[in-house]
2 protein chains.
Amino acid sequence: MTARPASKRQQPEERRKELLDATMACLARLGPRGTTGREICRQAGVSHGLLRHYFDNADNLLLETYRTMGDEFLARFEQELATHRADPWGTMDRFFAVLFSEEWASSDMLGAWAAFWTLIPNRDDIAEVGESYNRRLRELLDRALSTLPPDPGGIERGDAAAILSAVMDGLWLDYCLSPTRLTRERALELYRITLRRIAPR
Amino acid sequence: MTARPASKRQQPEERRKELLDATMACLARLGPRGTTGREICRQAGVSHGLLRHYFDNADNLLLETYRTMGDEFLARFEQELATHRADPWGTMDRFFAVLFSEEWASSDMLGAWAAFWTLIPNRDDIAEVGESYNRRLRELLDRALSTLPPDPGGIERGDAAAILSAVMDGLWLDYCLSPTRLTRERALELYRITLRRIAPR
DNA sequence: CACGTTATGAGACAAGTGTCCAACAAGAGG
DNA sequence: CCTCTTGTTGGACACTTGTCTCATAACGTG
């Protein structure tokens, strides 16, 4: 039987990215149970043999997908923090606007993130990536809070960052789980109420 | 080949509960991917043929496990709310003490909950259970907040309940993901700071 | 004790999975 | 035009999974 190529030959990095994207889509649509090496390749439109040509094994692919997702999200935040330096409150607002945008807050995203959470207890390499992501996010948040004008009636900045981080996670989770129960506008409103009350001093 | 029983015959309800517990343990230890019907039975010490005798299929078992977990957690909260009626602030504290107890906040619990979250986007029956759980938890929280003496400088009770619910989820998630980064004492401290600042008026 | 009910075990089966591998095709460089 | 590297395919293999079926043991009831 001839091995005719169904899909054109591509640059290594392109194909790698395609597989990472397919993994992401797979996790979102089918959950961790449906995310098999073969299904990922099916989704990417390549034969299942190709996976091992780019990744040592299927587990390694998952790890890199996680790392990529985290990096992309942090980069988006970083960019928001870099621009509009003169408007610190606006920066915080834009943080949350991004977080609750269609791109970042969807049942698909929830599916993918939750999938990684389930892997953390069982896989040290994945736990490490998650640890690094959380640390960097916390730093970013702390940096953003430090640009706000101090509020005499406020609280310790470290406390504010930790609480705000928790509210971020919680509201995001709630919104993704049921956008009808908690609408985007309400989520943003709740965030603003919280920030105003726990502003750093 | 004779079919000698490795495990004694049991009352139907007992065996059912054993299978539900095994499912829970499986989700926690092995994640959704490792939680197969056969593995559950292996864990419970029964043959794999028995699963279909108690549950229509493997998916149904997952659903019932989710429902059981949610019910048990809400019952625990309800009980805390029923006792010590004279001490509303203490009730709130005990809410969070339970939430961050070893029984409820562990990487095992996180594994199990996250597993269900991954299933929600793909399965309507599981989504329904989650929806019901969230609604009842919110009601419970709102009821607990209503027993607090009104704070003139506070916020709408509905807002307070929503924010506190988000903080609950967020802190719990953070703590389960990394108990060393966010210790139990610090999580409880952060909760208290938050509640004091967003008390209902 | 006999008998019917049912909880339990164990095998058969098709389908799906991860890994490995040999062949082929598509370019790059001489 | 030939050759060498490498992206790509598709099949082979052993293994696991879910479902079904049947034999068998345990128990309740008469």
Side-chain angles (χ1 to χ4, degrees), chain A residues 1-23 25-27 29-65 115 118-119 122-123 125-126, chain B residues 1-23 25-27 29-65 115 118-119 122-123 125-126:
Chain A
M1 201 59 59
T2 66
R4 67 208 182 298
S7 58
K8 297 289 174 58
R9 192 188 184 116
Q10 289 209 352
Q11 295 303 318
E13 295 134 25
E14 302 271 334
R15 187 81 338 142
R16 256 185 100 84
K17 186 64 167 56
E18 279 183 24
L19 285 173
L20 290 175
D21 287 348
T23 306
C26 230
L27 281 175
R29 285 194 315 118
L30 305 173
R33 306 191 66 158
T35 302
T36 65
R38 280 178 140 95
E39 181 60 39
I40 291 170
C41 292
R42 219 169 291 148
Q43 173 107 6
V46 299
S47 81
H48 67 269
L50 196 58
L51 197 154
R52 291 245 327 157
H53 189 259
Y54 282 98
F55 300 89
D56 294 353
N57 53 49
D59 286 348
N60 208 285
L61 174 54
L62 274 183
L63 181 70
E64 289 214 33
T65 304
T118 67
L119 297 176
N122 317 317
R123 287 188 46 188
D125 52 355
I126 294 227
Chain B
M1 200 60 58
T2 66
R4 67 207 180 299
S7 58
K8 296 288 176 61
R9 192 190 182 114
Q10 289 209 353
Q11 294 303 319
E13 295 134 26
E14 302 270 336
R15 228 338 81 93
R16 255 183 101 83
K17 187 65 168 55
E18 280 181 24
L19 286 172
L20 290 175
D21 287 348
T23 306
C26 229
L27 281 175
R29 284 193 316 116
L30 306 172
R33 306 190 65 158
T35 302
T36 65
R38 280 176 140 95
E39 181 60 39
I40 292 169
C41 292
R42 220 169 290 149
Q43 174 107 6
V46 299
S47 82
H48 67 270
L50 197 57
L51 196 153
R52 291 245 325 157
H53 188 259
Y54 282 98
F55 300 89
D56 293 353
N57 54 46
D59 285 348
N60 208 285
L61 174 53
L62 274 183
L63 181 70
E64 289 214 34
T65 304
T118 67
L119 298 175
N122 315 318
R123 288 189 44 188
D125 52 354
I126 293 224

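Excluded from the calculations below are hydrogen atoms, water molecules and symmetry mates; all remaining heavy atoms, backbone and side chain alike, are included. Within every chain, numbering begins at 1; the chains are lettered A, B, ... in the order of the sequence lines, protein sequences first and strands thereafter.
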Check: Is it true that A/Lys17 and A/Glu14 make a salt bridge, defined as a side-chain N closer than 4.0 Å to a carboxylate O?
Finding: no
Margin query: Counting the atoms with a prime plus P, OP1 and OP2 as sugar-phosphate, which does B/Gly49 contact under 4.0 Å by heavy atoms, base, sugar-phosphate, or nothing?
Written below: base
Check: Between A/Tyr54 and A/Arg38, who's closer to the 5' end of DNA chain D by nearest nucleotide?
Finding: A/Tyr54
Notebook entry, point to check: Roughly, in whole Å, what's the span from CZ in A/Arg42 to P in D/dT9?
Noted result: 14 Å
Notebook entry, point to check: Salt bridge check: are A/Glu18 and A/Arg15 linked by an N-O gap of less than 4.0 Å?
Noted result: yes
Check: Is the closest side-chain heavy-atom distance between B/Leu51 and B/Asn57 below 4.5 Å?
Finding: no
Next item on the list: Measure the distance from CG on B/Leu50 to C1' on D/dT21 and round it to the nearest whole Å.
Entry: 15 Å
Margin query: I'd like to know if B/His53 reaches the base of C/dG9 with its side chain, counting only an N/O donor and acceptor under 3.5 Å.
Written below: no
Checklist line | Pairing of B/Arg42 and B/Glu39 as salt bridge, 4.0 angstrom limit | finding: yes
Check: Below 4.0 angstrom from OP1 or OP2 of C/dA10, is there any side-chain N or O of B/Ser47?
Finding: no
Note to self: Tell me whether the side-chain N or O atoms of A/His48 pair up with the base of D/dG11 as donor and acceptor below 3.5 Å, since no angle test is needed here.
What the structure shows: yes
Item checked: Rounded distance in Å - CG (B/Asn57) to P (D/dT17) -> 17 Å
Check: Nearest-Å distance, CG (B/Leu30) to C1' (D/dT17)?
Finding: 15 Å
Margin query: As a test of understanding, state which of A/Leu50, A/Leu19, A/Thr23 forms a side chain to side chain contact (heavy atoms under 4.5 Å, CB included) with A/Phe55.
Written below: A/Leu19
Margin query: In whole Å, I'd like the distance from the CG atom of A/Leu62 to the P atom of C/dG18.
Written below: 10 Å
Notebook entry, point to check: Is any side-chain N or O of A/Arg15 under 3.5 Å from a base N or O of D/dG7, one able to act as donor and the other as acceptor?
Noted result: no
Notebook entry, point to check: In whole Å, what is the span from the CZ atom of A/Phe55 to the C1' atom of C/dC20?
Noted result: 19 Å
Next item on the list: Remember a base hit wins even if backbone is also touched, and classify B/Arg52 as base, sugar-phosphate or nothing at under 4.0 Å, heavy atoms.
Entry: sugar-phosphate
Check: In whole angstrom, what separates B/Ile40's CD1 from D/dT16's C1'?
Finding: 15 Å
Next item on the list: Round to a whole Å and report the spacing from CG of B/Leu51 to P of C/dT8.
Entry: 12 Å
